[in-house]
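Worksheet: one structure, shown below.
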Amino acid sequence: MDKTLNSEAHSGNAELARDAVQGILKAKKILKMYPPNNPIYIKTADEIYNKFKNFLELNNELSLKISQNEILFNDEEVYYNPEKEDNLALFFFKDGIREITFLRGFSQNEFKDFIGILNADFESTAVEDDLVTLLWERDFEHIKYIATEEFLSDEDYQESRVYVKAEDKAYPDDNFAKAYSDGLKEPIRRASAPVFLREDDFKYITKEIEEKGIYPQIEKIITLVFELIYQTKDDVIFSEVVGFIENIINYCIKNGNFQKVCFILDSIKSFAEDGSLEMRNIEILKGAYNIINNKLFIQEVGKTLESDLIIEENEFTAFAKHLDKTSIPHLIQMLGELQRIRSRRFVINALTVVGKFDVKTLAEGLHSDKWYVVRNIIVVLGKIADSWSLEYLTKTLTHPDPRVRKEVIKTLAGIGGANVLRHFKNALNDDILSVRITAVREMGNIKTEAAKNILLTELAKKDFLLKDFTEKKEFYEAVAHRDDPQVRDFLRTALKKRKFWKKIKNDETRACAAYALGIIGDKESVPYLEKAKHSKNKLLNAFASAALRRLTN
């Protein structure tokens with residue numbers, strides 16, 4: 001095809017992509033004003049959905065790259081808005097979405113659900129989750145997205161500024177506070193010229209803190225208390241000091257300050273390992289360190305995650321690295337009690353960190369009566385991805401909830417290996433269509449002879465002809481990922497096959513074969529596609545014509 005025609009095709013696709021993007025913007029502005037059964041809503045939704053349909057009839061996918069003020073299709077700008085108000089690009093970008101792709105097969109129901117998510121009132125207290133988590137929970141078949149964990153929220157920035165200003169005002173000209181703050185930037189070390197405190201001094205400080213509540217000066221307090229660790233000789237007073245450290249840890253947890261918790265835990269560890277303390281005191285310190293693994297403490301962590309406090313995910317993950325395997329059952333229990341998806345994501349990260357120390361205990365979560373707990377444990381096992389994980393994961397392929405079965409198929413595909421194919425083969429006969437399609441797609445991504453042969457065997461079965469068109473198309477697209485002579489011969493044979501009985505079903509299969517030949521780019525099939533193009537069956541006619549356009553361009 002000459003450059004002029006290529007340019008025209010590219011320009012045409014870009015214009016269709018621009019129409020679809022404008023449709024999303026229109027949907028956000030208009031559809032939220034009417035209930036779904038309103039005639040205006042129905043008419044507008046149909047018009048906008050047709051914009052996507054027009055694009056996807058000619059292309060396999062509509063992939064949009066998103067930056068703060070613009071949306072790109074094939075590196076061409078299809079939307080731009082430098083303003084903050086009504087900025088569709090910023091709407092996606094601030095919640096971390098960097099690319100969103102609509103796949104061929106994108107249905108009208110999926111479109112309505114997608115627009116419903118976009119029109120959620122994210123400012124309302126009733127909507128506790130962000131755009132990414134709502135998309136993840138809906139689990140669209142024909143929408144894929146790439147998201148980063150960096151969120152751009154005006155409220156986040158404003159709260160951050162307010163917090164800094166409030167902290168600045170707490171110690172306007174307090175050099176003492178600054179000195180302690182600077183000191184905390186370095187690891188705790190024994191002072192070369194310490195200011196010694198008597199036991200009476202410690203009791204006075206403790207009383208002042210408890211009565212006057214001077215916890216905002218937390219950095220000063222931490223530094224003073226750890227100095228007392230070195231200076232206290234009396235066992236009773238030492239235990240009181242350590243008990244006070246535990247109180248500080250709890251205080252920081254309730255206020256969502258996981259960074260300070262990590263600082264305290266690192267300091268405890270450093271003190272316990274430097275060899276300057278008596279063994280009995282080291283054991284007391286270790287007891288303070290290990291409180292973070294007990295059930296009551298983990299429950300407090302859960303309450304904090306469910307609160308409206310701003311918690312940095314990297315700080316929480318750093319905290320999770322201090323947990324040990326005894327925390328696993330409590331974290332799994334918390335996973336089933338948390339209401340916010342974002343909170344569950346924090347716990348998933350924590351279980352990924354500690355779960356590798358005891359995969360057997362982690363796998364107990366697969367017996368939960370809550371489907372989302374089972375699915376999340378599958379995600380964790382997939383991230384850990386060791387040989388023990390595979391043993392436990394395969395047992396969930398018979399779970400009663402199809403969402404769980406789909407998740408384990410995706411996870412097994414991510415782990416890979418020859419052993420997963422037999423499990424995929426069983427999943428191809430699942431009772432639920434979406435589960436079967438998930439298995440087909442994942443097998444399509446496995447570039448091995450064994451995977452190819454399983455797919456071709458399924459395609460050759462007599463009852464394959466009777467499958468739903470959508471499922472048949474997925475199978476043919478999966479084999480089209482392998483461009484080899486055996487696949488090409490199979491597809492050409494399927495395209496040429498004619499039947500008097502069950503002609504409509506056979507023409508569906510021929511249409512799928514034409515579609516796959518177009519994907520592969522098999523120019524030798526052009527004569528057969530030309531014949532199919534003149535079929536009275538509209539579906540076969542359309543797919544053969546589309547394949548010819550691809551092969552002759």
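Between Phe92 and Leu118, the closest heavy-atom pair is CE2-CD2, 3.9 Å. Here the closest heavy-atom approach between residue Leu309 and residue Gly256 is recorded as CD1-N, 3.7 Å. Nearest approach of Gly355 to Ile384, heavy atoms of both residues: C-CD1, 3.6 Å. Between Ala427 and Ala439 the shortest heavy-atom distance is CB-CB, 3.8 Å. Annotation for His399 and Asp401: closest pair ND1-N, 3.0 Å, computed over non-hydrogen atoms. Minimum interatomic distance between Thr411 and Gly382 (heavy atoms only, all atoms of both residues): CG2-CA, 3.2 Å.
Side-chain contact between Arg405 and Thr396: absent, with no pair of heavy atoms (C-beta onward) separated by less than 4.5 Å. For the pair Phe93/Asn69, no side-chain contact is recorded, criterion being any heavy-atom separation below 4.5 Å from C-beta on. Side-chain contact between Tyr251 and Asn257 is absent, with no heavy atoms from C-beta onward closer than 4.5 Å. Leu397 has its side chain within reach of Leu412: a pair of non-hydrogen atoms, C-beta onward, lies under 4.5 Å apart. Side-chain contact between Thr101 and Ile146: absent, with no pair of heavy atoms (C-beta onward) separated by less than 4.5 Å. In this structure, the side chains of Ile291 and Asn294 come closer than 4.5 Å at one or more pairs of heavy atoms. Within the 4.5 Å cutoff, the side chain of Tyr392 has heavy atoms near those of the Lys360 side chain. In this structure the side chain of Glu141 reaches within 4.5 angstrom of the side chain of Lys406, judged on heavy atoms.
Atom CG of Leu285 and atom CD1 of Ile268 lie 6.0 Å apart (nearest 0.5 Å). One distance of note links CG of Leu62 with CZ of Phe106; it measures 9.5 Å at 0.5 Å rounding. Note: Ile100 CD1 to Leu131 CG = 7.5 Å, rounded to the nearest 0.5 Å. Atom CD1 in Ile253 sits 8.5 Å away from atom CD1 in Ile298 (nearest 0.5 Å). Here the CD-CZ distance, from Glu278 to Arg280, works out to 5.0 Å after rounding to the nearest 0.5 Å. Interatomic distance, Phe316 CZ to Thr304 OG1, rounded to the nearest 0.5 Å: 9.5 Å.
Here His322 and Tyr289 bring their ring centres to under 6.0 angstrom of each other. For Phe111 and Phe114, the ring centers sit 6.0 Å or farther from each other.
Checked by atom type and distance alone, the side chain of Ser368 never pairs as donor or acceptor with a backbone atom of Val374 at under 3.5 Å. Panel note: side chain Ser270, backbone Asp266; no donor-acceptor pair is recorded below 3.5 Å. The main-chain N or O of Glu337 is found under 3.5 Å from a side-chain atom of Gln339 such that the two form a donor-acceptor pair. Remark: side-chain polar atoms of Asp430 are not paired, donor with acceptor, to backbone N or O of Arg436 under 3.5 angstrom. Between the side chain of Thr394 and the backbone N or O of Glu391, at least one donor-acceptor pair lies under 3.5 Å. Formation of a donor-acceptor pair under 3.5 Å by the Ser343 side chain with backbone atoms of Leu305 is found in this model. Within the 3.5 Å criterion, the main-chain N or O of Ser107 finds a donor-acceptor partner in the side chain of Glu110. The backbone N or O of Gly336 sits nowhere less than 3.5 Å from a side-chain atom of Arg344 that would complete a donor-acceptor pair.
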Next item on the list: Report the C-alpha distance between Val353 and Leu323 in whole Å, list the side-chain angles of each, state the deciding distance to 0.1 Å, and finish with yes or no for side chain to side chain contact (heavy atoms under 4.5 Å, CB included).
Entry: CA-CA 9 Å; Val353 171; Leu323 297 171; over 6 Å; no
Next item on the list: Dump the intermediate steps for side chain to side chain contact (heavy atoms under 4.5 Å, CB included) on Phe52 and Ile24, then the final yes or no.
Entry: CA-CA 10 Å; Phe52 285 88; Ile24 296 174; 3.6 Å; yes
Check: After noting the C-alpha distance and the side-chain angles of Ile377 and Leu362, does the key distance pass the side chain to side chain contact (heavy atoms under 4.5 Å, CB included) rule?
Finding: CA-CA 7 Å; Ile377 295 299; Leu362 174 64; 4.0 Å; yes
Item checked: Chi angles and distances behind the side chain to side chain contact (heavy atoms under 4.5 Å, CB included) call for Phe346, Thr317 -> CA-CA 8 Å; Phe346 277 76; Thr317 302; over 6 Å; no
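The cationic group of Arg403 does not satisfy the cation-pi geometry with Tyr372, failing either the under 6.0 Å distance to the six-membered ring centre or the 45° limit from the ring axis. Remark: Arg138 is positioned above the aromatic ring of Phe140, its terminal NZ or CZ atom under 6.0 angstrom from the ring centre and at most 45 degrees off the axis. Relative to the six-membered ring of Trp136, Arg375 meets both conditions, a distance below 6.0 Å and an angle of at most 45° to the axis.
Checked by atom type, the side-chain pair Asn349/Glu313 shows a donor-acceptor distance below 3.5 Å.
Using a 4.0 Å cut-off between a side-chain N of Lys or Arg and a carboxylate O of Asp or Glu, Asp139 and Lys410 qualify as a salt bridge. Between Glu300 and Lys303 there is a salt bridge, since at least one side-chain N of the basic residue sits less than 4.0 Å from a carboxylate O of the acidic one.
Thr326 meets the side chain to side chain contact (heavy atoms under 4.5 Å, CB included) test with Asn293, Asp324; sequence neighbours excluded.
Other residues, nucleotides and ligands contribute over 12 non-hydrogen atoms within 6.0 Å of the CG atom of Asn429.
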